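Working notes, structure below.
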Amino acid sequence: MFTAHANQLHAAEVLPGFEDINRYWDHSIGLITAKIAPGEYYVTRHDERITTVLGSCISACIRDPQTGIGGMNHFLLPTDPLNDSDSSISEASRYGSFAMEHLINDIIKHGARREDLEIKLFGGGRILAGMTDVGNRNIAFVREYMITEALSVQARDLGGTHPRKVNYHPST
């Protein structure tokens, strides 16, 4: 049985650049699942699930329903306070301004059309009372980004005081 799942994991080849993302066979749903951490993003053209857990962070789930290509990011802060142009992609993807560009560009690079993108946004909670409201800053950033880039949001679950677990199926 393990060999069958290993073969299924291998059959859905990971797109170039995403080989280091944690992917595993989830027995409960019978699908490959890519688990992304803060500062990561993942794009696929296969029937996979992408999952993450959010507090004040934001995840954008973006797909082209015509091609089934889609992905998810997980960013911690709206922008890089140091505006460090020498940051590596993984470090830069911690910031919404970079994370959104990387995700959208990779989805388009693999065959999606910008005008067909379906976007869903999650996160931005204020989990710890008494701390600065990073979640609210992330929400303000992502809303402004959507307006600036003329992108339409189909669904959102932003703000509040609770964490979220996001399970995204880009193919459906």
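When reading the values below, keep in mind they use all heavy atoms of this one structure, side chains included, and skip hydrogens, waters and symmetry mates. Just so it is clear, the structure is predicted and the values come from calculations on it, not from any experiment.
- By the 30° and 60° cut-offs, the orientation of the rings of Tyr41 relative to Phe18 is perpendicular.
- Taking all atoms of both residues into account, the shortest heavy-atom contact from Ile107 to Gly71 is CD1-N, 3.7 Å.
- Note: Ile36 CD1 to Thr51 OG1 = 8.5 Å, rounded to the nearest 0.5 Å.
- No donor-acceptor pair closer than 3.5 Å links the side chain of Thr33 to the backbone N or O of Ile50.
- Side chain of Arg45 to main chain of His110: a donor-acceptor pair is present (N/O by atom type, distance under 3.5 Å, no hydrogens or angles).
- Rounding to the nearest 0.5 Å gives a distance of 8.5 Å between CD1 of Ile119 and OH of Tyr145.
- For the pair Asn138 (side chain) and Ser56 (backbone), a donor-acceptor distance under 3.5 Å is present.
- Ion pairing between a basic and an acidic side chain is recognised when a charged N comes within 4.0 Å of a carboxylate O; Arg113 and Asp64 show no such pairing.
- Under the 4.5 Å side-chain contact rule for hydrophobic residues, Val166 and Val53 do not share a cluster.
- Note that CE of Met72 and OG of Ser59 are 5.0 Å apart. Values are rounded to the nearest 0.5 Å.
- Within the 4.5 Å cutoff, no side-chain heavy atoms of Asp26 are placed close to those of Leu31.
- Ile69 and Ala112 get closest at one heavy-atom pair: CD1-N, 4.0 Å.
- A donor and an acceptor atom, one from each side chain of Tyr168 and Glu48, are nowhere located under 3.5 Å apart.
- Residues meeting the side-chain contact (heavy atoms from CB on, under 4.5 Å) test with Pro163, sequence neighbours left out: Ile127.
- Residue Ile21 comes nearest to Ala34 through the heavy atom pair CG2-CB, 4.0 Å, listed as atom of the first residue, atom of the second, then distance.
- Under the 4.5 Å side-chain criterion, counting only non-hydrogen atoms from C-beta, Leu103 is not in contact with Tyr42.
- Taking OG1 from Thr44 and CG from Asp106, the interatomic distance works out to 12.0 Å, rounded to the nearest 0.5 Å.
- In this structure, Arg114 pairs ionically with Glu149, as a charged nitrogen and a carboxylate oxygen lie closer than 4.0 Å.
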Stepwise side chain to side chain contact (heavy atoms under 4.5 Å, CB included) test for Phe141 and Phe75: CA-CA 11 Å; Phe141 160 77; Phe75 64 87; 3.9 Å; yes

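- One finds no salt bridge joining Lys35 and Glu40 here, because no Lys/Arg side-chain nitrogen approaches an Asp/Glu carboxylate oxygen to under 4.0 Å.
- When all heavy atoms are compared, the tightest approach of Met100 to Ala60 is SD-CB, 3.7 Å.
- Distance check, rounded to the nearest 0.5 Å: CD1 of Ile108 to CD of Glu115 gives 8.5 Å.
- Note on Ile29: it does not cluster hydrophobically with Ile32, by side-chain heavy-atom contacts below 4.5 Å among ILVMFWY residues.
- Rounded to the nearest 0.5 angstrom, Arg63 CZ and His169 NE2 are separated by 11.5 Å.
- Between Trp25 and His27, the ring planes are perpendicular. Angles over 60° get that label, and only those under 30° would be called parallel.
- Test Asn73, Thr52, Leu76 against Cys57 for side chain to side chain contact (heavy atoms under 4.5 Å, CB included) and you get one pass: Leu76.
- Counting heavy atoms from C-beta outward, Arg126 and Asn136 have side chains that stay 4.5 Å or more apart.
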